[in-house]
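Reviewing the structure listed below.
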Amino acid sequence: MAGRFRIAVIEGDTGESERLLRLLEGCSEGGLGSIEISLLESTAGALAGYPALRPDVIIFGPLAALRATTADLQQLRARAGLEPVPILFVLSERDSGSSACLQTGCDDILLTPYNPDLVQLKLAALQRFCDFNRSLQAQRNRLRRHHADLLQEQASARQIFNNMGHESCLDQTRAIRYHLSPRAVLAGDVLTAAYGPGGKLMLLLGDFTGHGLAAAVGAVPLTSIFYSMVSKGFSLSHILRELNGKLHRVLPADMFCCAVMFELDPHKGQVRLFNGGMPSACLRRSCGNLRLLESRHLPLGVLDEASIEEAIVHIPVERGDRLFLWSDGIHEARSPRGEHFGEQRLLQALSSEIPEGECFDHILTSVSRYSVDQHDDLSLVEVALDTAAPWQDGAWALDVQPGSKAARIGDWSINFTLGPEELRDADPLPLLHSVLAQVPGSDSFRDPLTIVLGELFRNALEHGLLRLDSALKETDRGFAEYYRQLERGRRQLREGWIRIALRCRDRGGRGLLEVVVEDSGAGLPELTVGGNAYSGRGLPLLRAICRKVQLQPGSSRVRAVLNWGGSSRRGKSRAMATA
């Protein structure tokens with residue numbers, strides 16, 4: 001019966017059993033409450049009937065106490081399991097000092113002759129102990145159920161987060177290696193990567209404040225915005241501004257996301273990188289030189305408005321370059337003495353003379369050997385920049401598969417003009433993609449059109465309107481200065497326009513797509529042949545993709561014609577890869 005105080009009395013002498021029974025019944029009548037008393041002749045009987053008895057207290061009578069052994073008490077406690085059951089011995093005043101009797105391991109004693117008041121006080125204390133233990137057991141069971149529910153919820157959440165990354169290209173290219181080691185079931189670190197139209201690679205490594213579910217929830221808006229905007233062709237700065245605004249609106253005031261994100265343009269051979277609150281990224285040149293790319297901006301979600309462009313670094317890519325990104329879990333890995341791994345040891349691992357391609361494993365091994373426990377989410381990413389393009393063995397990985405049937409899309413044209421306000425922060429590609437997405441079969445020229453349109457638009461803006469000189473990009477310092485002048489010129493633009501016209505002529509599965517870009521500037525400058533390591537790649541790239549490119553120095557109008565359908569790229573994918 002629930003709520004009863006159950007006492008098991010073990011005693012082989014009938015007279016002693018009766019005296020204990022009357023004593024305990026008197027305690028019940030004296031205010032101890034409802035007591036259920038079971039009389040047993042031996043320890044063996046108590047062990048056999050234990051599942052039915054489930055006593056709260058076990059009392060060994062005078063004769064049983066003298067015969068009890070340590071093994072008897074161990075067996076009784078084993079039957080009780082995790083629930084502590086006090087065991088009392090009834091001893092005479094003469095036997096109470098016998099160490100042999102007490103060494104068996106009893107918890108307390110009752111002395112004869114009995115003092116009913118003292119016995120009642122002792123049993124009342126034991127009853128309170130048992131009630132408290134039952135309360136603890138109930139709390140433990142509730143915590144177990146709550147923990148099981150929490151693990152199930154976290155497992156479901158983790159599956160949802162994994163499914164949200166199905167658009168990721170992390171496991172589709174050998175150029176990217178990554179290691180994500182969450183401290184809890186769910187990670188506060190998030191890694192996303194995807195190819196945009198035209199083959200640009202976008203990758204973001206973020207670190208939300210905190211751990212577990214609260215930190216991982218922020219990955220939901222971040223990943224959905226990232227993959228949606230990358231697929232539509234938005235630029236690095238536009239994606240970062242949208243992420244910053246969204247996180248600022250949805251995250252609590254004490255949460256934000258440190259993030260490092262880059263955009264790799266394999267055609268132009270350059271990287272644009274943003275670091276907001278993350279540890280310095282590291283560019284490792286093929287010669288072994290290291291370049292740290294420090295944080296230049298607050299984490300995402302801290303401020304409503306963000307000056308993204310001023311924090312973006314432009315880096316020319318050379319053969320053999322590798323970019324390393326990591327979260328602060330690497331720096332904060334602790335030794336047995338509590339010392340952090342730190343940036344200095346990480347740079348030593350990066351600069352070690354080891355075979356090419358083994359630096360990633362060397363870093364992880366160094367951190368693993370140094371640390372004894374993981375105190376934070378730990379993430380490491382390596383990108384081989386010169387092999388991260390979405391083509392493989394000279395073949396464009398994003399092409400429509402050979403032999404696929406081209407859809408008829410008819411004859412149509414699109415014309416629009418960008419004024420100075422739009423040009424200060426223009427990104428025409430997402431607008432065009434949203435319009436062209438409504439045209440059946442437009443996927444067949446999505447990638448080449450993105451490359452051609454992007455190149456022509458940048459030429460019209462940078463050289464037609466802003467009159468920038470590509471000769472600046474002959475050195476690393478000049479390369480950075482060129483893009484500083486570009487951003488300054490765009491912000492100061494008060495007049496001018498760029499007009500873009502597209503016309504498609506369908507010829508029954510084979511047709512032409514004409515792209516005309518014109519600006520209000522004084523005309524394109526004289527074109528140099530070959531250029532240098534950091535410039536001069538635009539025209540060869542256009543000629544590799546297009547059927548025809550018409551441009552004249554001094555003219556502000558450029559016309560490019562692409563084949564659509566059939567051998568749309570004229571077998572020049574390899575030329576694109578080396579342009």
Side-chain angles (χ1 to χ4, degrees), residues 1-28 32-115 118-145:
M1 180 177 178
R4 286 198 171 196
F5 189 49
R6 298 182 296 272
I7 301 176
V9 177
I10 301 175
E11 177 57 46
D13 185 282
T14 304
E16 291 294 342
S17 295
E18 291 296 331
R19 278 192 289 274
L20 276 172
L21 179 61
R22 289 193 297 271
L23 174 65
L24 296 175
E25 289 176 343
C27 291
S28 175
L32 193 59
S34 179
I35 297 179
E36 181 178 322
I37 305 169
S38 301
L39 299 179
L40 304 163
E41 293 184 356
S42 65
T43 303
L47 291 171
Y50 200 95
L53 295 174
R54 303 301 302 174
D56 297 309
V57 174
I58 298 174
I59 299 177
F60 279 78
L63 182 60
L66 294 175
R67 296 176 178 176
T69 65
T70 301
D72 292 337
L73 272 61
Q74 289 176 345
Q75 292 182 48
L76 286 170
R77 290 192 172 108
R79 292 294 179 91
L82 295 177
E83 184 175 353
V85 177
I87 298 177
L88 281 65
F89 280 8
V90 176
L91 301 175
S92 66
E93 292 184 0
R94 178 182 47 132
D95 295 331
S96 63
S98 172
S99 59
C101 182
L102 296 178
Q103 284 177 357
T104 54
C106 68
D107 298 302
D108 206 344
I109 60 174
L110 298 177
L111 294 177
T112 58
Y114 300 113
N115 184 328
L118 291 178
V119 172
Q120 183 170 335
L121 286 174
K122 187 165 292 190
L123 291 178
L126 292 175
Q127 188 178 41
R128 288 192 298 270
F129 170 78
C130 292
D131 291 341
F132 178 69
N133 179 66
R134 290 194 189 97
S135 177
L136 288 179
Q137 294 287 337
Q139 286 187 347
R140 181 201 65 181
N141 294 336
R142 286 195 297 271
L143 287 174
R144 282 180 172 176
R145 290 193 297 270

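For Ser92 against Leu111, the heavy-atom pair with the smallest separation is O-CD2, 4.1 Å. In terms of heavy atoms, Gln137 sits closest to Glu83 at NE2-CA, 4.2 Å.
With sequence neighbours excluded, the residues satisfying side chain to side chain contact (heavy atoms under 4.5 Å, CB included) with Ser38 are Leu53. For Leu136, the side chain to side chain contact (heavy atoms under 4.5 Å, CB included) partners are Phe132, Gln139, not counting sequence neighbours. For Ala44, the side chain to side chain contact (heavy atoms under 4.5 Å, CB included) partners at least two apart in sequence or on another chain are Ser42. Residues satisfying the side chain to side chain contact (heavy atoms under 4.5 Å, CB included) criterion with Phe129, sequence neighbours excluded, are Pro84, Pro86.
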Discussion item. Before you tell me yes or no, could you show the steps for Arg77 and Val85 under side-chain contact (heavy atoms from CB on, under 4.5 Å), namely the whole-Å CA-CA distance, both residues' side-chain angles and the distance that decides it to 0.1 Å?
Written reply: CA-CA 7 Å; Arg77 290 192 172 108; Val85 177; over 6 Å; no

Fill in: Steps toward side-chain contact (heavy atoms from CB on, under 4.5 Å) verdict (Ile10, Ile58)
CA-CA 8 Å; Ile10 301 175; Ile58 298 174; 3.9 Å; yes

Item to complete: Please assess Asp56 against Arg134 for the test side-chain contact (heavy atoms from CB on, under 4.5 Å), listing each intermediate value before the final yes or no.
Response: CA-CA 10 Å; Asp56 297 309; Arg134 290 194 189 97; 2.7 Å; yes

Worksheet item: Stepwise, does the side-chain contact (heavy atoms from CB on, under 4.5 Å) test hold for Val9 with Leu24?
Response: CA-CA 10 Å; Val9 177; Leu24 296 175; 3.8 Å; yes

Fill in: Audit row: Arg128, Asp131, salt bridge (Lys or Arg N to Asp or Glu O under 4.0 Å) steps and yes/no
CA-CA 5 Å; Arg128 288 192 298 270; Asp131 291 341; over 6 Å; no

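Under the 4.0 Å criterion applied to side-chain N and carboxylate O atoms, Arg19 and Glu16 are assigned as salt-bridge partners.
A side chain to side chain contact (heavy atoms under 4.5 Å, CB included) with Leu23 is found for exactly one of Val119, Asn115, Val90, namely Val119.
The distance from the CD atom of Gln127 to the CG atom of Leu123 is 8.5 Å, given to the nearest 0.5 Å. With rounding to the nearest 0.5 Å, the separation of OG in Ser135 from CZ in Arg140 is 12.0 Å. Of the inter-residue distances, the one linking Arg6 atom CZ with Ser34 atom OG reads 10.5 Å to the nearest 0.5 angstrom. Rounding to the nearest 0.5 Å gives a distance of 11.0 Å between CD of Glu25 and CG of Leu20. We find the CG-CG distance between Leu118 and Leu110 to be 9.5 Å, quoted to the nearest 0.5 Å. Note that the CG atom of Leu39 and the CD atom of Glu18 stand 7.0 Å from one another [nearest 0.5 Å].
In this structure, Asp107 contributes its side chain and Ile87 its backbone to a donor-acceptor pair below 3.5 Å.
Residues in residues 61-70 take part in these side-chain hydrogen bond (donor to acceptor under 3.5 Å, both in side chains) pairs, two or more places apart or across chains: Thr69-Asp72. Counting only residues at least two apart or on different chains, the ring-ring contact (aromatic ring centres under 6.0 Å, His included) pairs with a member in residues 39-69 are Phe60-Phe89.
Put simply, the side chain of Leu126 reaches to within 4.5 Å of the side chain of Leu88, judged on heavy atoms. Taking the side chain as every heavy atom from C-beta outward, Pro62 and Asp13 never approach each other to under 4.5 Å.
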